[in-house]
Protein chains: 2
Amino acid sequence: MAEELQRQIVSGELAPGSPLPSETELSQDFGISRTSVRNAIRELKERGLVRSEQGKGTFVRPQRPRVRRVNTSRYQWEKDRVKASEDERRSTGGTERDTGLEMKELRFHVDYQTVPASGELADALGIPEDTPVLQRTYQTTANSEDAALSMSRSYIPLAIIEGNPDLLDSTNEPWPGGTQHQLSTVGVEIAKIIDEVQARPPLPDEREVLKIDATGVSVLALRKTSIDTTGRVVEVADAVYAGDRTELVYEIPLKRWKRP
Amino acid sequence: MAEELQRQIVSGELAPGSPLPSETELSQDFGISRTSVRNAIRELKERGLVRSEQGKGTFVRPQRPRVRRVNTSRYQWEKDRVKASEDERRSTGGTERDTGLEMKELRFHVDYQTVPASGELADALGIPEDTPVLQRTYQTTANSEDAALSMSRSYIPLAIIEGNPDLLDSTNEPWPGGTQHQLSTVGVEIAKIIDEVQARPPLPDEREVLKIDATGVSVLALRKTSIDTTGRVVEVADAVYAGDRTELVYEIPLKRWKRP
DNA sequence: GAGTGGTCTAGACCACTGT
DNA sequence: CAGTGGTCTAGACCACTCC
């Protein structure tokens, strides 16, 4: 039954967004038990083809287009923007650049906390365990959708930024110019960023915030490590994106061969 | 029941690799039906915690360490190697570099075919639809494991490489020095590589080859587009990695600010 | 209240594994 | 052969949605 329904979905016989027949109907049509119908539907969910809502029905999942995040040029763009005027910086942020949405169409949720660095994090930041770090938690949501575009958590050793109290105040968010500008106010210039990309099943809270309703859909987990011009790690950020709505892009220029 | 077993697994009470009690035992111990036991076990599979084998039992999944693929330096390394001696090129390949395994510990499976470019592929290559392209399918497997490390398919317009008949002969694989060296024999120098990374549920054949036994585990799908010094797309390659055993890494250097 | 999907039980047979 | 997980049936009750 899963095969047959999959055929109808990919061929377009069952349009995106349209409901499947109810489970009792399907069990009669195909002459199988409801348990088997549910197993088949579960397979379709795992393949990301359908979505069920209790009390309403099961629907063909419309494929939302993937947001392309071209991180190579994005990071350089963020750096270049540090030197722009405040007006210019205030007018647009990184997410708008990726999604093509305007700033007023986006909602941000921010939370600042000072916490001691756990072992793994301390390792990544190259600092002793339990050193205080500023932990900033972000959620970005498009007003037109109820699903968050991303969840991320950034960690910066407190020692690096305590010179500027504005950086410890979450009411200054969204900060015009982003993290690279924030760090520039305490004299930090980022020289290199390392992205580590993993795919894994979502945690329960990630599933909820990113509205990942289909089992089988993973998240893209990105750890971004920012290194300044002295080789010191100044920020570690963990971001999570819905795997079915995100594409990460990296452009890698190669050194030219010497001409003969 | 899923919660209780998860607790035992993460706490280490149930050691990695050890078997769970059988489904009938569990249903008696917890006083629930076997169907419910199976539902709970399915949840654990989705979270990647256990693996079932028919006729044998259900086991706590040992977490295999992730292979780090640092693509930024990998691509440059491959390019530099083109200029190395054949002996040197013959001695080691890219996969060995990533995994730390030696060449004799790896098995390759290669298949060459000439096919007309489909619409999407023709777009990506910037050529008219149905232009003939060389399609090369690779599977790399470590001898010590039965799961393939990666599956990939590379497409090169035939017109670019037909000048060197050796490039059309799959018995020359594994080619010492890899694709960048192959292309160099027909005068092509790669100037830029674009990686596009997605996470998605595995297709049935990918699930089998990569031995992705846990539902809920996605694959990392990488499209690599190679562009030569004239701005022409010379190769498009689609690679698929097991999401739970792979980490993709990109190092992005940023341009320095001008000194005052 | 009628209809939906979510959860559950009790029991059957099959395919596969090991001894 | 006994024991395992994989598949299946038939039926029950619950939580939720919508009219």
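Letters go in sequence order (proteins before strands), and every chain restarts at 1.
- Listed candidates were D:dT9, C:dA10, C:dT7. Nearest to the side chain of A:R34 is C:dT7.
- Distance CZ (A:R38) to C1' (C:dC8): 11 Å, rounded to an integer number of Å.
- Nearest-nucleotide mapping onto DNA chain C: of B:T35 and A:Q54, the residue sitting toward the 5' end is A:Q54.
- With rounding to whole Å, B:N39 atom CG is found 7 Å from C:dC8 atom P.
- Salt bridge annotation for A:D238-A:R223: present, with a cationic side-chain nitrogen under 4.0 angstrom from a carboxylate oxygen.
- Per the geometry, NZ belonging to B:K56 stands 15 Å off P belonging to D:dT4, to the nearest Å.
- Judged by atom type and distance alone, A:R51 does not reach the base of C:dG5 through any side-chain donor-acceptor pair under 3.5 Å.
- The distance from atom CD1 of A:I41 to atom P of C:dG6 is 8 Å, rounded to the nearest whole Å.
- Phosphate contact (OP1/OP2 of D:dG3, side-chain N/O of B:S22, threshold under 4.0 Å): absent.
- Side-chain polar atoms of A:D195 and A:Y250 form a donor-acceptor pair below 3.5 angstrom.
- Here the side chain of A:E206 pairs a donor or acceptor atom with the backbone of A:L203 at under 3.5 angstrom.
- Straight-line distance from the CZ atom of A:F59 to the C1' atom of D:dC16: 13 Å, rounded to whole Å.
- For B:E3 and C:dT7, the CD to C1' distance is 15 Å, given to the nearest whole Å.
- The shortest distance between the side-chain N/O atoms of B:S36 and the OP1/OP2 oxygens of C:dT9 is below 4.0 Å.
- What separates CD of A:E23 from C1' of C:dG5 is a distance of 5 Å, to the nearest Å.
- We find that CG of B:L20 is positioned 12 Å from P of D:dG6, with the value rounded to whole Å.
- Between the side chains of B:R153 and B:T137, a donor-acceptor pair is found at a separation under 3.5 Å.
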